[in-house]
Number of protein chains: 2
Amino acid sequence: MSCILRLSQSLRARGYRVTPQRLAILEALHHEGHLSPAQVYERVRQTGMTEATVYRTLEFLRANNILFAAQREGGHLTYELAGASHHHLICRTCGAQVDLEAEALQRLIACLEQQSGYRLDASHLTLFGLCPNCQACNEIRDPEPRDTRDQVS
Amino acid sequence: MSCILRLSQSLRARGYRVTPQRLAILEALHHEGHLSPAQVYERVRQTGMTEATVYRTLEFLRANNILFAAQREGGHLTYELAGASHHHLICRTCGAQVDLEAEALQRLIACLEQQSGYRLDASHLTLFGLCPNCQACNEIRDPEPRDTRDQVS
DNA sequence: ATCCTTATTGATAATTTTTGCAATAAAGAC
DNA sequence: GTCTTTATTGCAAAAATTATCAATAAGGAT
């Protein structure tokens with residue numbers, strides 16, 4: 001909770017307001033990790049909040065770097081609390097997750113930034129692919145078309 | 001066009017059908033590069049095609065690796081023809097694009113694949129960030145909240 | 001060219017996401 | 001505590017996206 005308190009103060013400091021709705025959504029995500037807008041709404045509807053408010057609040061918190069938005073398989077957005085800088089590698093077939101060597105990526109990103117002069121948004125990358133298990137399965141069955149958006153959040 | 005012809009044959013070889021709708025969409029994207037579903041519909045509505053068909057066809061072509069889907073600022077999808085393996089770096093403020101050193105990324109990806117055993121979908125990454133110009137602007141104005149999803153396609 | 005199979009489309013409805021505006025309430029000043 | 005300002009919410013309607021299912025047409029066989 002002290003985490004949410006800190007975020008609240010950060011919002012207030014920027015001139016935004018800390019409302020019950022925002023707190024409820026933050027706590028839902030704090031409790032569960034990854035949630036889609038619909039799932040968030042499920043968890044907070046008891047408070048009488050509207051779906052529109054859920055969407056707006058998620059987008060608002062994301063725009064203020066309090067949440068990250070990750071694109072999941074169905075093409076729908078998923079949100080999670082922004083934490084320390086970290087990267088994920090997710091199997092798009094079975095959902096298995098692996099944490100990435102932050103240093104390797106950071107080094108590459110730094111290198112790309114030097115070459116291009118750009119400042120990259122890469123504090124939290126999620127790469128999608130196939131885990132070893134699912135690679136094996138795919139070699140047996142035909143290459144069935146799947147929902148395979150490469151992405152990052 | 002020979003590019004589209006080749007794609008058609010590839011589809012047919014896999015047991016799918018080459019329809020006027022699919023051709024129209026492919027040609028629109030071949031002509032214009034990056035298009036959102038709504039923009040694609042604008043370009044092909046003269047053929048009498050439905051919006052639903054546009055959505056389905058785009059998703060179908062993407063699932064078959066004929067199109068790439070890139071996540072643009074608003075969280076909305078944009079599609080483009082899948083070409084040679086290449087990567088982009090796009091400024092989220094002014095839209096300026098830079099091509100990335102493919103080798104640097106490929107090497108990193110290969111390295112990550114070795115470490116994790118995953119096979120990554122990374123033949124076409126798009127990283128978002130701030131170009132040098134917009135970095136300068138941002139230092140002057142306050143840090144206005146923006147739509148800043150880090151991402152890849 | 002004609003017929004057959006079935007992948008694909010159109011039409012429609014359902015669902016999800018976004019938007020506009022009046023009413024509400026958070027946070028600071030008193 | 002009360003008052004004021006205005007960011008934020010709820011409501012309702014619009015827009016975007018997805019799903020359902022019967023009708024159509026692509027592509028192979030004859």
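Hydrogens, waters and symmetry mates are skipped; everything else that's a heavy atom, side chains included, is used. Note that the structure is predicted; figures quoted are calculated from it, not measured.
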Problem - Criterion side chain to side chain contact (heavy atoms under 4.5 Å, CB included) against B/Leu35, the qualifying member of B/Leu77, B/Leu58, B/Leu67, B/Val40 - result: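 Between B/Leu35 and the candidates, side chain to side chain contact (heavy atoms under 4.5 Å, CB included) is satisfied uniquely by B/Val40.
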Handout entry: A/Arg22 to A/Phe60 six-membered ring, cation-pi geometry met (6.0 Å, 45°)
Key = yes
Any idea which of [options] is nearest the [X] side chain?
X       : options                : answer
B/Arg17 : D/dC11, C/dG10, D/dA26 : D/dA26
A/Val18 : C/dA27, C/dG20, C/dA26 : C/dA27
A/Gln21 : D/dT9, C/dT18, D/dA26  : D/dT9
B/Arg56 : D/dC21, D/dA12, D/dT9  : D/dC21
A/Tyr16 : D/dG10, D/dA7, D/dT9   : D/dA7

Problem - Contact under 4.0 Å: B/Thr50 side-chain N or O vs C/dT9 OP1/OP2 - result: no
Practice task
Establish, with yes or no, whether the OP1 or OP2 oxygen of C/dT8 is under 4.0 angstrom from a side-chain nitrogen or oxygen of B/Thr19.
Solution key: no
Exercise for the section: Give A/Glu51 one of three labels, base, sugar-phosphate or nothing, depending on what nucleic acid heavy atoms sit under 4.0 Å from its own. Expected result: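 Answer is nothing: A/Glu51 stays at 4.0 Å or more from every strand.
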Exercise for the section: Would you mind classifying the nucleic acid contact of B/Arg12 as base, sugar-phosphate or nothing, using non-hydrogen atoms under 4.0 angstrom? Expected result: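 Sugar-phosphate, backbone atoms only, no base.
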Between [N] atom [atom2] and [X] atom [atom1], what is the distance in whole Å?
X       : N      : atom1 : atom2 : value
B/Ile25 : C/dT8  : CD1   : P     : 13 Å
A/Arg22 : D/dG10 : CZ    : P     : 11 Å
B/Phe60 : C/dT9  : CZ    : C1'   : 13 Å
B/Leu58 : C/dT9  : CG    : P     : 11 Å
B/Leu77 : C/dT16 : CG    : P     : 17 Å
A/Leu23 : C/dA25 : CG    : P     : 16 Å
A/Met49 : C/dA25 : CE    : C1'   : 15 Å
A/Leu26 : D/dT8  : CG    : C1'   : 15 Å

Exercise for the section: May I ask you to check whether A/Ser10 and A/Arg14 show a side-chain donor-acceptor distance below 3.5 Å? Expected result: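 Short answer, yes.
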Practice task
Answer whether the closest heavy-atom distance between the side chains of B/Glu27 and B/Ile4 falls below 4.5 Å.
Solution key: yes
Handout entry: pair B/Arg62-B/Tyr79: side-chain heavy atoms closer than 4.5 Å
Key =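 Heavy-atom side-chain distance check passes, below 4.5 Å.
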Practice task
Could you identify which residues of residues 36-48 of chain B place a heavy atom less than 4.0 Å from some atom of DNA chain D, listed by residue number, or say none?
Solution key: none
Fill in the blank from the handout: Whichever of B/Pro20 and B/Ala52 has the more 5' nearest nucleotide on DNA chain D, that residue is B/Ala52
Exercise for the section: Could I get the full list of salt bridge (charged side-chain N to carboxylate O under 4.0 Å, His left out) partners for A/Arg56, not counting sequence neighbours? Expected result: none
Exercise for the section: Using the rule that two of Ile, Leu, Val, Met, Phe, Trp, Tyr join whenever any of their side-chain heavy atoms come within less than 4.5 Å, decide whether A/Tyr16 and A/Leu61 are in one cluster. Expected result: yes
Problem - A/Ile66 with A/Tyr55, same ILVMFWY side-chain cluster at under 4.5 Å - result: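 As far as the 4.5 Å side-chain criterion goes, A/Tyr55 and A/Ile66 are not connected within one cluster.
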